[in-house]
Amino acid sequence: MLQVHFIRENKETVLAGLAKRNFANAESIIEHVLSADENRRKTQVQLDNTLAESNKISKEIGNFFKSGEIQKANILKERTVQLKEKSKELSEKSNAIADELQTLLYQIPNVPHESVKAGKSEEDNENIFSEGNIPDLGENSLPHWELAKKYDIIDFELGTKIAGAGFPVYKGKGARLQRALINYFLDKNTKAGYTEVQVPHLVNAESATATGQLPDKEGQMYHSTVDDLYLIPTAEVPITNMFRGNLVLESNFPITLTGYTPCFRREAGSYGAHVRGLNRLHQFDKVEIVRIEHPNNSYQALNGMVEHIKDILRELKLPYRILRLCGGDTGFTAALTFDFELFSTAQDRWLEISSASNFETFQANRLKLRFKNKDGKSELAHTLNGSSLALPRVLAGILENYQTAEGIKIPDALVPYCGFDIIN
RNA sequence: AGAAAGGUGGCCGAGUGGUCGAAGGCGCACGCUUGGAAAGCGUGUAUACGGCAACGUAUCGAGGGUUCGAAUCCCUUCCUUUCUACCA
């Protein structure tokens with residue numbers, strides 16, 4: 001959520017940023033915010049003055065009671081009746097305006113970083129880097145869902161029986177490979193200095209709001225209405241919320257965490273060939289990295305995250321590219337996002353396997369996550385996160401790119417984690 | 001799930017109707033002291049909103065109520081701890 005005073009002082013920057021996102025009605029919503037803000041401040045002053053008078057009289061009444069001048073006290077009491085009514089009215093008005101303002105602010109996405117290009121959709125994303133060899137698989141290459149069946153390592157139908165479509169069952173070497181990947185990713189992250197955490201897989205509404213899943217993405221999360229808890233769509237939510245409401249010391253930076261969790265997404269309305277197999281699931285595993293940074297450092301930190309993820313993909317010898325998302329494709333809460341896409345040779349398409357973002361103060365403002373700066377004043381911190389990595393598509397990429405006539409070879413880096421070097 | 005106790009500033013902890021944004025301590029900052037450090041002494045040290053400022057207002061888990069006036073009394077709710085019950 002943008003800060004009102006930021007919008008007030010940087011109206012043109014905000015409008016230009018929203019334009020890059022192709023955000024509709026930016027002009028009118030910003031005007032609405034500014035008028036509501038002005039209205040709120042005006043009402044607040046009136047309320048403050050009324051309360052100040054009321055407080056003053058109350059003190060006088062107290063003094064009269066103490067000195068035994070009961071009559072004088074009673075006269076003053078009558079005066080407070082009107083003040084009370086007035087302050088009640090003003091405070092109701094003030095609350096109503098504050099709610100209105102809040103509703104408006106919740107609708108405004110983050111202002112993109114200056115390096116973000118304007119654009120409507122994924123077609124306008126910029127390809128900024130690519131690496132790795134695309135293997136020549138010959139004529140008989142299979143997509144991962146067929147490989148999964150051939151080697152009996154993932155059973156989609158069984159998952160459908162147990163839960164429904166999008167909940168695969170991993171079996172034998174498939175399950176082991178998945179576990180190997182999780183351990184491998186966590187080891188890579190902890191070696192890079194990230195502290196490993198295990199966090200709740202269900203979160204309350206407050207947490208989901210703070211990182212930006214609520215109110216806009218409500219329909220995308222599974223919701224236990226009895227307990228009013230949400231199944232996490234990503235570990236970003238519980239890990240970032242570890243710091244909700246915190247006032248950290250500048251010397252605590254950088255705060256770097258990593259965690260493995262399953263992720264749950266309703267994906268309502270998704271269909272077609274692009275969601276086949278492991279391409280899109282309701283439940284999938286992911287290892288996430290989260291950083292809390294000083295504002296001066298956050299972009300350097302984002303680059304560091306990108307380098308870290310590159311390093312992993314390089315070690316797995318998978319062909320990938322990095323996209324800088326355009327304004328229209330950048331998530332609601334992010335200022336700058338780099339997507340990592342793995343090339344699936346057998347499907348002849350790119351699969352998103354990681355997304356690294358800097359949210360600047362957008363989440364911190366909702367989280368009330370601050371630090372004390374050198375002047376002793378509190379300032380909002382910057383939050384960042386990235387996947388390192390999302391499991392199913394990496395698994396799909398390995399199955400497809402490493403397939404041979406003898407079976408599926410295991411990337412060297414994973415062999416110690418798997419305990420075998422081929423699936424056949 | 002039942003019973004009891006409790007939730008106060010960065011942390012600990014006092015405070016049962018007015019002079020309480022809140023004693024005291026720890027921590028932190030600055031100064032004095034010192035060859036330097038520690039100790040000691042002194043001063044300062046919550047957050048948000050409005051205001052150039054003086055200052056005003058709000059905040060003692062959250063929400064509501066009583067009262068001229070609430071950290072303090074009442075109601076609701078969330079959480080924590082202990083005991084009992086249950087249990088991987």
Side-chain angles (χ1 to χ4, degrees), chain A residues 1-9 33-102 104-105 198-210 214 224-230 238 241-253 255 262 292 294 361 363-381:
Chain A
M1 187 165 69
L2 298 176
Q3 296 177 91
V4 189
H5 75 255
F6 179 82
I7 299 177
R8 203 191 304 148
E9 286 155 26
V33 164
L34 294 178
S35 70
D37 174 47
E38 200 184 326
N39 202 355
R40 190 195 61 79
R41 282 182 292 154
K42 224 165 63 190
T43 311
Q44 191 66 47
V45 170
Q46 291 173 5
L47 176 61
D48 284 357
N49 290 341
T50 309
L51 290 174
E53 196 180 343
S54 189
N55 286 344
K56 201 177 122 208
I57 293 175
S58 289
K59 264 180 199 162
E60 285 170 20
I61 291 173
N63 289 334
F64 282 136
F65 272 124
K66 219 167 281 173
S67 57
E69 297 168 275
I70 309 293
Q71 282 213 315
K72 282 185 177 173
N74 284 333
I75 293 166
L76 283 179
K77 267 198 200 180
E78 281 168 34
R79 275 180 59 192
T80 63
V81 175
Q82 309 165 34
L83 285 173
K84 224 177 158 182
E85 246 169 66
K86 192 175 167 192
S87 67
K88 197 174 176 186
E89 266 171 44
L90 284 167
S91 117
E92 273 166 16
K93 187 176 167 192
S94 171
N95 287 341
I97 299 167
D99 284 350
E100 183 191 354
L101 192 55
Q102 178 97 32
L104 290 167
L105 289 172
Q198 288 194 15
V199 290
H201 298 169
L202 281 86
V203 295
N204 56 32
E206 227 180 329
S207 293
T209 305
L214 291 179
S224 166
T225 49
V226 191
D227 301 294
D228 197 22
L229 292 171
Y230 295 84
N241 270 281
M242 285 167 60
F243 299 90
R244 174 151 47 84
N246 282 17
L247 183 64
V248 302
L249 298 173
E250 209 166 320
S251 57
N252 293 145
F253 290 132
I255 296 168
I292 319 276
H294 190 285
T361 60
Q363 289 183 329
N365 188 31
R366 289 201 196 177
L367 289 157
K368 297 284 166 272
L369 167 49
R370 295 159 304 164
F371 68 96
K372 275 234 190 276
N373 68 18
K374 292 212 167 64
D375 304 328
K377 289 194 173 166
S378 55
E379 226 182 292
L380 293 174

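We name chains A, B, ... by the order of the sequence lines, and we start the count at 1 in each one.
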**Request:** Could you label the plane-to-plane angle of the A:H294 and A:F253 rings as parallel, tilted or perpendicular, counting under 30° as parallel and over 60° as perpendicular?
**Result:**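 Answer is perpendicular, since the angle exceeds 60°.
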Taking every non-hydrogen atom, the tightest pair across [X] and [Y]:
| X | Y | value |
| --- | --- | --- |
| A:T80 | A:K77 | OG1-O, 2.5 Å |
| A:I7 | A:L105 | CD1-CD2, 3.7 Å |
| A:F64 | A:L76 | CE1-CD1, 3.5 Å |
| A:S94 | A:Q44 | OG-OE1, 3.5 Å |

Which value, in whole Å, describes the distance between the [atom1] atoms of nucleotides [N] and [M]?
| N | M | atom1 | answer |
| --- | --- | --- | --- |
| B:U43 | B:G51 | C1' | 28 Å |
| B:U66 | B:G17 | C1' | 12 Å |
| B:C20 | B:A54 | C1' | 23 Å |
| B:A48 | B:G9 | P | 15 Å |
| B:A23 | B:C78 | P | 33 Å |
| B:A62 | B:C79 | C1' | 10 Å |

**Message:** Can you build the contact string for nucleotides 50-75 of chain B? Use B for base contact, S for sugar-phosphate-only contact, and - for no protein heavy atom under 4.0 Å.
**Reply:** SS----BSS---------BS------
**Asked** Nearest-Å distance, NZ (A:K368) to P (B:G10)?
**Response**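 Whole-Å distance recorded here is 15 Å.
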**Item:** Nucleotide B:C28, atom C1' - distance to CZ of A:F371 in whole Å
**Value:**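 Those two atoms, CZ and C1', are 17 Å apart.
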**Request:** Answer yes when A:E53 and A:R79 have at least one side-chain N-carboxylate O distance shorter than 4.0 Å, and no when they do not.
**Result:**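 The answer is yes: the pair qualifies as a salt bridge.
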**Item:** Intermediate values then yes/no, side-chain hydrogen bond (donor to acceptor under 3.5 Å, both in side chains), A:N55 and A:S58
**Value:** CA-CA 5 Å; A:N55 286 344; A:S58 289; 5.4 Å; no
**Watson-Crick and G-U pairing of RNA chain B written in dot-bracket, each distance under 3.5 angstrom, with | for inter-strand partners** = ((((((((.[[[..)..(.....]]]((((((.......))))))(((((....))))).[[[[[..)....]]]]])))))))....
**Asked** Taking atom CD of A:Q198 as the centre, does the number of heavy atoms from other residues, nucleotides or ligands within less than 6.0 Å exceed 12?
**Response**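 12 or below, so no.
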